[in-house]
Enquirer: 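First the structure, which I've put down as structure tokens, then a few questions once you've had a look.
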Amino acid sequence: MNTAPPAPHQNHAPHQGPAPAAGAAPSGAHPAPILSARGLVRTYGRDQAATRALDGVDLDIARADSLAVMGPSGCGKTTLLHVLAGILEPTAGTVRLDGKNLAELGEKRRTLLRRSDFGFVFQDGQLLPELTALENVILPRMLGGTSRRAATAEARSWLDRLGLGGMHDRRPTQLSGGQAQRVAVARALAGRPSVVFADEPTGALDQETGRSVLSTLVDSCLETGASLVMVTHDAKVAAACRRTVAMRDGRIAREYVRPESAPATAQTPAQVAEAQAAGMPR
Amino acid sequence: MNALLASAPLLLRRRGALADLLPVIAFAAATAITGTVLGGAAAFVGRLPAEDAPAMSGEASLIPFLVMCAMVASVLLIPSAVGLGGSAARLSLARREQDLATIRLVGGTGGQVGGVAVLDVAAQALLGALLGVGLHLVVTPALTALDFGITPFTTADLLMPWWAYPLLVLGMVLLAAGSAAVSLTGVVLSPLGVARDSRVVRMSVLRVIIWAVLIVGFLVFAQFGSMLLGPIADGMVFFAVMILFIGAVVAGVNVVGPFIVWGVALFVARTAPVPGLLVGARRLAADPKAGWRAVSGITFALVIAGFLTVLALLTRDDGTGGAEDAMMATAMSTGGLLTLGIAAVLAAVSTGVTQTARVIDQAPVLRSQHIAGAQVGQLHRARIAEIVLPVLLSSVLATFTSLLVVMAVLGGAPNDPIVAVQYLASVLGAYALVIAAVLIGSPLVRRYAERGA
């Protein structure tokens with residue numbers, strides 16, 4: 001069993017600095033995006049009570065790229081993540097994974113697709129409390145038909161890589177918040193997904209632990225060639241991603257692309273200023 | 001206290017029709033069954049001839065034995081019904097913990113929070129107990145149609161005296177409040193949320209020792225009881241002690257059951273080749289008491305079925321006996337079936353309620369697992385594993401217990417194949433009950449898993 005992650009993809013886009021995307025123009029540097037959304041509309045409720053959470057979103061996500069979706073509460077960022085992941089169906093528009101239209105797959109095949117092609121990291125980890133760290137990581141693989149033995153070997157390797165050696169048999173309640181979130185990262189990546197979706201992955205952690213988990217998440221995605229789509233309201237967290245889109249009222253208001261030379265751990269002053277100007281919390 | 005009473009309705013939001021309904025159903029069933037069993041036992045006691053009555057014959061000669069059987073049935077059924085009431089209280093409280101933490105956050109003191117929790121459970125118990133009394137009153141006239149082979153009972157015979165009903169309701173409310181108060185001692189409700197003892201569960205081997213001591217005590221008494229009791233060995237004293245021992249051995253199954261579930265679940269979890277079994281076994285190992293509670297009603301029904309199968313065989317009227325033998329056979333057959341029926345209702349309610357409650361509790365986990373790619377069928381399989389494992393263990397334990405008691409009382413194992421066939425039918429009936437309980441919760445699993453999708 002080859003448990004080593006594949007070589008990192010070298011496909012960071014040359015598109016650098018703030019770009020006035022205004023929701024319609026995806027970064028065009030990647031000829032074949034892994035995930036592509038066009039004209040996404042998602043409405044909740046009907047008639048007078050209808051609320052447009054997404055209002056015409058176009059977005060491309062390249063292989064092994066990292067994208068942060070920012071914005072104030074209620075701007076539609078979590079809805080966008082759920083629609084991109086096939087958890088919610090858009091009211092209008094399409095989401096394509098490697099050219100496949102998710103809407104045409106049906107609920108059962110979308111569920112299988114989430115298992116095989118996507119990984120998820122939620123704010124509170126959402127680990128099964130009764131299972132050990134190791135079992136939490138092997139579970140999605142076993143659900144996908146991998147034997148326990150093979151899944152265990154892979155999961156052990158991932159947990160060790162993420163600094164959780166010696167904690168394989170601990171329950172989530174016996175782990176710190178940061179350790180539990182690392183288990184969630186291992187679980188998301190163990191299946192070698194094409195795309196990892198993270199919803200406020202550091203939201204429940206202190207600053208230092210959050211930074212550490214974040215760099216683990218971003219680096220691991222990069223190493224395995226998985227694309228990362230991360231929802232956050234924190235500009236500093238978003239700065240860990242190569243691209244950032246800022247949402248407002250269900251649309252993409254702005255897009256930033258980190259210059260190739262800039263460090264991945266800090267928001268550039270210009271980005272912070274832009275984020276504040278867009279009404280987002282710092 | 002006034003502030004507490006005034007604010008409680010505001011502080012405790014409703015949890016949804018089903019979540020509110022489950023404990024009330026359990027309290028109602030527990031009350032109705034307790035009332036019906038006590039009323040029935042009292043009806044038999046009421047037929048006891050006066051002590052200074054002349055030598056008895058016919059129906060009167062059977063009554064003392066039937067009273068004893070009614071007492072055995074009461075000893076077996078009432079603790080289970082009371083246990084169901086306690087489970088309902090814990091169930092009600094578990095749903096409230098987040099609300100209670102919120103009350104702490106907005107300034108409620110520890111005492112106020114505890115008070116609100118106990119009041120909430122007591123209110124549900126009161127509603128359930130009143131419904132249960134109503135159910136008992138509705139069902140009782142139909143029970144007069146049962147043929148015990150003796151002069152039929154009237155509705156008035158089978159009802160308890162009027163003053164017993166307020167006591168029954170009060171008893172159920174106090175039981176619920178007491179259970180809630182005891183449960184609260186294991187939880188810390190802080191303003192920041194609910195803190196629970198997060199240590200990994202370990203079942204004490206003391207449970208096995210207690211059960212073993214009960215069994216040895218029972219066997220010793222069955223063998224040497226007459227000798228031990230000496231001059232008072234005759235008649236009712238010996239039987240009373242024997243009944244208590246049987247009750248203790250049957251109740252002891254609930255002591256040793258969680259330990260066995262825990263041990264087996266740990267082993268299965270470590271070796272499970274499929275995800276459903278892994279998740280189900282881990283959930284059982286994490287909370288073996290809850291896993292056992294879900295099937296304890298079935299275990300208990302199976303133990304009773306085991307006793308009755310043999311008892312019915314022993315008292316079978318082959319036509320060669322007199323009128324008294326025929327009466328006895330009818331009484332045992334009807335009484336046995338009635339006891340089994342009540343045990344089955346208890347099992348159905350407790351299994352259905354606990355299974356549905358577990359699905360409600362697991363709603364967020366079901367949702368996140370489905371998001372991460374677990375199909376609804378796979379979620380069902382984990383639930384099935386979680387219930388099948390304790391059911392299989394419980395049927396083994398129930399068979400062992402009833403065989404042990406029957407062998408001790410009879411001095412050997414029953415060798416009639418009819419016994420095995422009838423008992424097997426009871427086991428299959430129990431499995432059908434479990435399947436029904438799992439099916440009841442199935443639509444909820446899909447609904448929670450696909451919520452918002």
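We use all heavy atoms of the structure for the numbers below, so side chains are in, but hydrogens, waters and symmetry mates are not. By convention in this document, chain letters (A, B, ...) are assigned in the order of the sequence lines, proteins followed by strands, and residues within each chain are numbered from 1.
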Enquirer: Give a yes or no answer on whether the side chain of Arg148(A) reaches the backbone of Val274(B) with a donor-acceptor pair at less than 3.5 Å.
Expert: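 A pair under 3.5 Å: no.
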Enquirer: If you count every heavy atom of other residues, nucleotides or ligands that lies below 6.0 Å from Asp249(A) atom CG, does the total exceed 12?
Expert: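 No - once you tally the heavy atoms of other residues, nucleotides and ligands closer than 6.0 Å, there are 12 at most.
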Enquirer: Rounded to the nearest 0.5 Å, what separation is found between the CZ atom of Arg282(B) and the CG atom of Leu128(A)?
Expert: 11.5 Å
Enquirer: Just to verify, what does Arg446(B) make a side chain to side chain contact (heavy atoms under 4.5 Å, CB included) with, not counting sequence neighbours?
Expert: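 Listed in chain order: Val376(B), Glu450(B).
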Enquirer: Give, for atom CD of Glu130(A) and atom CD of Glu386(B), the distance between the pair rounded to the nearest 0.5 Å.
Expert: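 If I round to the nearest 0.5 Å, the distance is 7.5 Å.
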Enquirer: Do side-chain atoms of Arg114(A) reach the backbone of Ile371(B) as a donor and acceptor pair under 3.5 angstrom?
Expert: yes
Enquirer: Closest heavy-atom contact between Val279(B) and Leu131(A)?
Expert: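 Shortest heavy-atom separation between Val279(B) and Leu131(A) comes out as CA-CD1, 4.2 Å.
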Enquirer: State whether the number of non-hydrogen atoms from other residues, nucleotides or ligands found under 6.0 Å of Tyr44(A) atom OH is greater than 12.
Expert: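 More than 12 heavy atoms, drawn from other residues, nucleotides or ligands, come within 6.0 Å of this atom.
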Enquirer: Suppose a student defines contact as a heavy atom less than 4.5 Å from any heavy atom of chain B. Which residues in residues 135-145 of chain A would they list?
Expert: Glu135(A), Ile138(A), Leu139(A), Met142(A), Leu143(A)
Enquirer: Are Glu107(A) and His370(B) side-chain neighbours, meaning at least one heavy-atom pair lies under 4.5 Å?
Expert: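 A side-chain contact under 4.5 Å exists here.
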Enquirer: Shorter than 4.5 Å, heavy atoms on both sides: which option in Gly276(B), Pro273(B), Ser368(B) has the most such pairs with chain A?
Expert: Ser368(B)
Enquirer: Under 4.5 Å from any heavy atom of chain A, what part of Ala281(B) do you find: side chain, backbone, both or neither?
Expert: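 Neither; nothing under 4.5 Å.
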Enquirer: With a 4.5 angstrom heavy-atom cut-off, which part of Gln362(B) approaches chain A: side chain, backbone, both or neither?
Expert: neither
Enquirer: When rounded to the nearest 0.5 angstrom, what is the spacing between CZ in Phe122(A) and CZ in Arg367(B)?
Expert: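 CZ of Arg367(B) is found 8.5 Å from CZ of Phe122(A).
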Enquirer: Taking side chain as everything from C-beta outward and backbone as N, CA, C, O, which of these in Gln378(B) sits under 4.5 Å from a heavy atom of chain A? Side chain, backbone, both or neither.
Expert: side chain
Enquirer: Of the backbone (N, CA, C, O) and the side chain (C-beta and beyond), which part of Arg381(B) lies under 4.5 Å from a heavy atom of chain A, both, or neither?
Expert: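 Neither part.
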